[in-house]
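All chains are named by letter (A, B, ...) in the order of the sequence lines, taking the proteins before the strands, and each is independently numbered beginning at 1.
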2 protein chains.
Amino acid sequence: MPAEQTTVQDLSESELLARIFPRLNHSPGILLGPGDDAALIAAPDGRVLISIDTQTQDQDFRLEWKNGYRTTGYDVGWKAAAQNLSDINAMGGSATSLVVSLTMPPQTPVEWVEAFADGLTAAIIGLGAPDCSVAGGDLGRGSELAVTVAVVGTLGGVAPVLRSGAKPGDVVAVAGTLGRAAAGWALLESGFPMGSLDTEQRGLVERQCRPQPPLAAGPLAARAGATAMMDISDGLLRDGSRLAAASNVALDFDPVALKTHAVPLEPAAVLLGRDAMPWVLGGGEDHGLLATFPAGIQLPQGFTAIGSVQAVVEPPGSGVRIAGQAADTVGWDHFAD
Amino acid sequence: MPAEQTTVQDLSESELLARIFPRLNHSPGILLGPGDDAALIAAPDGRVLISIDTQTQDQDFRLEWKNGYRTTGYDVGWKAAAQNLSDINAMGGSATSLVVSLTMPPQTPVEWVEAFADGLTAAIIGLGAPDCSVAGGDLGRGSELAVTVAVVGTLGGVAPVLRSGAKPGDVVAVAGTLGRAAAGWALLESGFPMGSLDTEQRGLVERQCRPQPPLAAGPLAARAGATAMMDISDGLLRDGSRLAAASNVALDFDPVALKTHAVPLEPAAVLLGRDAMPWVLGGGEDHGLLATFPAGIQLPQGFTAIGSVQAVVEPPGSGVRIAGQAADTVGWDHFAD
């Protein structure tokens, strides 16, 4: 980077905050915004949903990928917001505020931080959560970039949709996409620079860097009577087995339905000489929703059926099956090698 | 460490969570605890306070200090909870839940993580916040240890005490201690190993590693009519100048009152051949409270007067004075060198 670029060590904390604050979304549900020891948020139904997620450089994203793409502050801000908005969506709620902690090396350009703030706001607005404010945050120094966002949301009076309510006979459905972020990761880690990719392939990279959780779908599912729901953050099979275990059932996926999710991944699969199905089954970062609904009800907008809930047979095997066969659990575990 | 010690990379995420969950505090205000996409917390007065804070290895604590002391998981857990509980205290509220993100190198011992969870719980109980649950969290891998906690709290129907309400003529008061954590830091960074310190000196080190924010004092101040309040996290002068600026007033500190806060620091000052007053004025991590009250009211339990609020004179100089003289702003800024 050019030597004259302003970096975060050139500014005081208050100067840096003054660059960030005007870029953040601010909605009426925030009763007291950033600048005091804590923010104050409306909780109209007397309850709040809360979750927290961290993204760390070289674990959750690379600053520079093998194909030469450089992750922008905008990407990191977008993804941090999207991940957290998705956790509230997966309970059937709507996010009302984020608090954001950004840890960064002192040589981080101020422009990167401004782009990060823009990315947060763009995700909030672009994904359909305009009532969600950035209520506060923390800035700190570290040897690597790390972003932690905690999100607070409201259920608007409905019951939360847990992982544990699926019943044998229910329909299994998904909202959003499967495998696109994983295909995008594979492209970023390939030898094919961005300039060599076609529009569809670049679209897959975008889903890795700026995921699109279907935020309208969670509250619709809660109101439609979903019996169980969760965010697919670690892959359909791995997360499916978690939902199955929590509900003490098995999920049986229809291979034909799964196959339709592989079609949009073909432009990456062909280029890389790989099979698209492992991305569908194991890729999580699209932040789609996995939900179960009573049989016979009309699925809410955005959901498509991909299988059915079955009773666990004794002795219990895998909680996830494909056309009746136990599916291997592939996906991402943070520590196991 | 011995080769046979179990580290976090030896366990799956769910195995690690199973070691952590039983160690966490769980109170009735938590409607749905860890294990789903988000937790659900009661917000009885229809509002929630929220804040977030990160501690990063080598920035906010050293794993091994110059005097040989090794920071324990218990210390880091305690401090992470204490810092966040203090932010809610400073608004006049009480914490109802924490969500905790722990990023760590894969070779981190599982015992360290268990001690971290124990430290969180010990601080919650020991500092007097038994109604505060650990509602959820996130585990991830990074090249350095980093802990981010977001805290949610309730005001129990009262108005939040902001930084901006101090009026000329008000009394300035503090609750909790000043400078002890800073004196403890100086001891940890000295050449004096722990075994060579006396009880009082070790007590100062303890305040650095396990601060004691006065959690009863914040809600008492709100109910007693405090006009402004904040957490002293970056030092009395620096934080005082922030409160003064937010309120458009000046704070005039009484040197005699400040001097009494230096007395408990003498055992460190004498050993290190240093003056205790810079710790009183610039040390922040005790997480005491700085508050202003209308003149003539009885200060709530835990508070002692240290000065008065004055009008800003034109042209405005420093917002913080000692016996009428502008005080230099010393303290901690995260980025400025």
Side-chain angles (χ1 to χ4, degrees), chain A residues 8-9 11-13 16 31-32 35-44 46-54 56 58-60 87-88 90-91 93 97 99-101 103 106 135-144 146 148 150-153 155 160 162-163 230-231 246 333-337, chain B residues 8-9 11-13 16 31-32 35-44 46-54 56 58-60 87-88 90-91 93 97 99-101 103 106 135-144 146 148 150-153 155 160 162-163 230-231 246 333-337:
Chain A
V8 295
Q9 68 193 323
L11 300 186
S12 71
E13 192 168 354
L16 192 55
L31 307 174
L32 175 68
D36 219 298
D37 294 274
L40 189 63
I41 312 294
R47 303 169 300 169
V48 288
L49 291 162
I50 183 164
S51 184
I52 190 166
D53 263 313
T54 295
T56 304
D58 300 329
Q59 295 298 325
D60 301 288
D87 282 325
I88 300 301
M91 303 301 287
S97 68
V99 286
V100 180
S101 177
T103 300
D138 187 29
L139 294 172
R141 200 191 271 225
S143 66
E144 61 194 359
T148 301
V151 59
V152 165
L155 284 162
L162 310 186
R163 300 179 177 186
M230 71 183 295
D231 171 31
D333 192 292
H334 292 292
F335 294 108
D337 288 318
Chain B
V8 295
Q9 67 193 324
L11 300 186
S12 71
E13 192 168 354
L16 192 54
L31 307 174
L32 174 69
D36 219 298
D37 294 274
L40 188 64
I41 311 295
R47 305 169 298 169
V48 288
L49 291 162
I50 183 164
S51 183
I52 191 166
D53 263 312
T54 295
T56 303
D58 300 328
Q59 295 298 325
D60 301 287
D87 283 325
I88 299 301
M91 303 300 287
S97 68
V99 286
V100 180
S101 177
T103 299
D138 188 28
L139 294 172
R141 200 192 271 223
S143 67
E144 60 195 359
T148 302
V151 59
V152 165
L155 284 161
L162 309 185
R163 299 179 178 188
M230 70 182 297
D231 172 29
D333 192 292
H334 291 294
F335 294 109
D337 288 318

Region of A:Pro160 in contact with chain B, defined by heavy-atom distances below 4.5 Å:
side chain
Chain A contacts, top residue of [options] (heavy-atom pairs, under 4.5 Å):
options                    : answer
B:Asp87, B:Val100, B:Thr56 : B:Asp87
B:Leu49, B:Ile88, B:Leu155 : B:Leu49
B:Gly153, B:Ala90, B:Gly46 : B:Gly46

Chain A contact via [X] - which portion, at a heavy-atom distance below 4.5 Å:
X        : result
B:Leu40  : both
B:Asp58  : neither
B:Ala146 : neither
B:Thr103 : side chain

Specify which of A:Ala39, A:Ser101, A:Gly136, A:Ala150 makes the most heavy-atom pairs with chain B at under 4.5 Å.
A:Ala39
Got a donor-acceptor contact below 3.5 angstrom from the [X] side chain to the [Y] backbone?
X        : Y        : answer
B:Ser51  : A:Asp37  : yes
A:Glu144 : B:Ser143 : yes
A:Asp138 : B:Thr54  : yes

My understanding is that only residues two or more places apart in sequence, or in another chain, count here; which of them pass side chain to side chain contact (heavy atoms under 4.5 Å, CB included) with B:Ser97?
B:Ile41, B:Ala135, B:Val152
Can you check whether B:Asp36 reaches A:Met91 side chain to side chain, under 4.5 Å on heavy atoms?
yes
Contact check, side chains of B:Arg47 and A:Leu31, non-hydrogen atoms, under 4.5 Å
yes
Which pair of non-hydrogen atoms, one from B:Gln59 and one from A:Arg141, has the smallest distance, and what is that distance?
CG-O, 2.8 Å
By the definition side chain to side chain contact (heavy atoms under 4.5 Å, CB included), identify the one residue from A:Ile50, A:Thr148, A:Asp53, A:Val151 that meets it with B:Val99.
A:Ile50
